[in-house]
Amino acid sequence: AGTYIVTYSVSDLSGNTGQSTRTVVVELVPISLSPPSDLTVSATGFLTSVELGTAIADDGAGVDLEATPDRTGPFESGSYEIVWSTTDAIGRYAEAIQNVYILPLATLGLDLVTAEDNSLRVPVFLSGLAPQYPVEIPIIFGGSATPQEDFTFSQDSITFEEGSVAEVTITITPDDIIEADETIEISLGTPVGDAVLGVKSHQIITIKEENLPPM
């Protein structure tokens, strides 16, 4: 590889001569760098370890090169561009991008105890940012309390347009009937979008008749 001046010379039987030149440029075959395939991984917590894989690189002439990523994790939930890079023996540099998407865990909080005639803001959490928004999560109500009679709720799904916390409001309806404890069981349905269900996807709210101390 390089730049060369090639000179052509000619002469005839009488001794006349002629000469001409031309420039020849021999270029190196470009470095070949193939990053690992893009990855979509469900989070395992606030931080998630990821096996990125191995990039394949050579100098264009069949000599293998070592390629390294600019980060290896563990990663918070979200979207990442991993830059793989390599350098050959004469200092040429090449890089390529691998996309990594960590899907956050959707979870509910701890079980609660409440009295009648009360309003609760029940948060739904993502363990981190989603690679893409919106993320919609259905909310399923069960338990011994009767919807619209013992309690009402603001919506039957949560939509995250950004961030990692959203809320549903539950209003406990007062009545004059003395009765045993009732429960509202809240469950998260399968997320629509870039999130997955976490371990704590179920929450129980117990409704008691007596006044409760503040917490």
Side-chain angles (χ1 to χ4, degrees), residues 1-107 124-137 158-166 190-199:
T3 301
Y4 302 89
I5 305 299
V6 181
T7 302
Y8 297 86
S9 301
V10 64
S11 62
D12 62 13
L13 295 177
S14 301
N16 301 307
T17 62
Q19 195 176 76
S20 182
T21 62
R22 77 167 176 169
T23 301
V24 176
V25 178
V26 179
E27 294 182 344
L28 286 168
V29 177
I31 290 176
S32 172
L33 175 57
S34 299
S37 300
D38 293 347
L39 293 174
T40 299
V41 179
S42 297
T44 56
F46 179 70
L47 294 175
T48 300
S49 296
V50 176
E51 291 292 335
L52 296 176
T54 303
I56 299 174
D58 67 65
D59 68 352
V63 177
D64 291 336
L65 301 174
E66 181 182 1
T68 56
D70 66 338
R71 66 180 88 181
T72 57
F75 300 95
E76 296 180 22
S77 300
S79 176
Y80 299 89
E81 286 189 348
I82 309 301
V83 180
W84 290 81
S85 61
T86 188
T87 305
D88 70 4
I90 60 174
R92 294 186 304 160
Y93 174 85
E95 65 180 37
I97 300 295
Q98 176 192 24
N99 293 298
V100 175
Y101 307 103
I102 311 295
L103 306 184
L105 303 171
T107 60
V124 179
F125 305 97
L126 298 180
S127 61
L129 299 180
Q132 286 189 325
Y133 291 92
V135 174
E136 183 178 358
I137 302 175
I158 286 283
T159 299
F160 291 83
E161 298 291 348
E162 61 181 4
S164 58
V165 181
T190 302
V192 178
D194 284 358
V196 293
L197 286 180
V199 174

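Note that the coordinates shown come from a computational prediction; the quantities given were computed from them, not determined experimentally.
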_Side chains of V196 and P191 in contact at under 4.5 Å (non-hydrogen atoms)_ = no

*Minimum heavy-atom separation for L33 to S85, with atom names?*
CD2-CA, 4.3 Å

*asked:* Show the nearest heavy-atom pair for residues E76 and L47, with the distance to one decimal.
replied: CG-CD2, 3.5 Å

_Looking at I56, I'd like to know if its CD1 atom is crowded, meaning that more than 12 non-hydrogen atoms belonging to other residues, nucleotides or ligands lie closer than 6.0 Å._
no

*Backbone N or O of G163 within a donor-acceptor pair of the Y133 side chain at under 3.5 Å?*
yes

*Considering all heavy atoms, the nearest P69-T72 contact*: CG-CG2, 3.8 Å

*Measure the shortest side-chain to side-chain distance between L197 and L105 over non-hydrogen atoms and say whether it is less than 4.5 angstrom.*
no

_Residue pair L52 / V100, side-chain heavy-atom distance below 4.5 Å_ = yes

*List for me each residue that meets side-chain contact (heavy atoms from CB on, under 4.5 Å) alongside F125, sequence neighbours excluded, and say none if there are none.*
T107, P123, V165

*Under 3.5 Å: donor-acceptor pair, side chain of N99, backbone of D38*: no

*Would you say Q19 has more than 12 foreign heavy atoms packed within less than 6.0 Å of its CD?*
yes

*Taking D194 for its side chain and Q132 for its backbone only, find out whether a donor-acceptor pair lies under 3.5 Å.*
yes

*If you measure from OG on S77 to CG on L103, what distance do you get to the nearest 0.5 Å?*
8.0 Å

*Taking C-beta and beyond as the side chain, do I5 and T23 meet within less than 4.5 Å on heavy atoms?*
yes

*Which distance, rounded to the nearest 0.5 Å, do you find between the CD1 of I31 and the CG of D88?*
4.0 Å

_Using modelled atom types and a 3.5 Å cut-off, is there a donor and acceptor pairing between side-chain atoms of T86 and backbone atoms of E66?_
yes

*asked:* A side-chain contact here means heavy atoms from C-beta on lying under 4.5 Å apart; do Q98 and L39 qualify?
replied: yes

*Any pair counted as ring pair (Phe, Tyr, Trp, His ring centres under 6.0 Å), so long as it reaches residues 79-103, sequence neighbours left out*: F75-Y80

*Please walk me through it: do D58 and D64 pass side chain to side chain contact (heavy atoms under 4.5 Å, CB included)?*
CA-CA 4 Å; D58 67 65; D64 291 336; 4.2 Å; yes

*Checking side chain to side chain contact (heavy atoms under 4.5 Å, CB included) against I137, which of T159, V192, T190, L126 comes through?*
L126

*For residues P104 and P131, report the shortest heavy-atom separation together with the two atoms involved.*
CD-CD, 4.0 Å

*Could you list the residues that satisfy side-chain contact (heavy atoms from CB on, under 4.5 Å) with L28, not counting sequence neighbours?*
A1, I90, R92

*asked:* So which atom in T87 and which in L65 form the shortest heavy-atom distance, rounded to 0.1 Å?
replied: O-CD2, 4.1 Å

*Does some side-chain heavy atom of E136 sit less than 4.5 Å from a side-chain heavy atom of I158?*
no

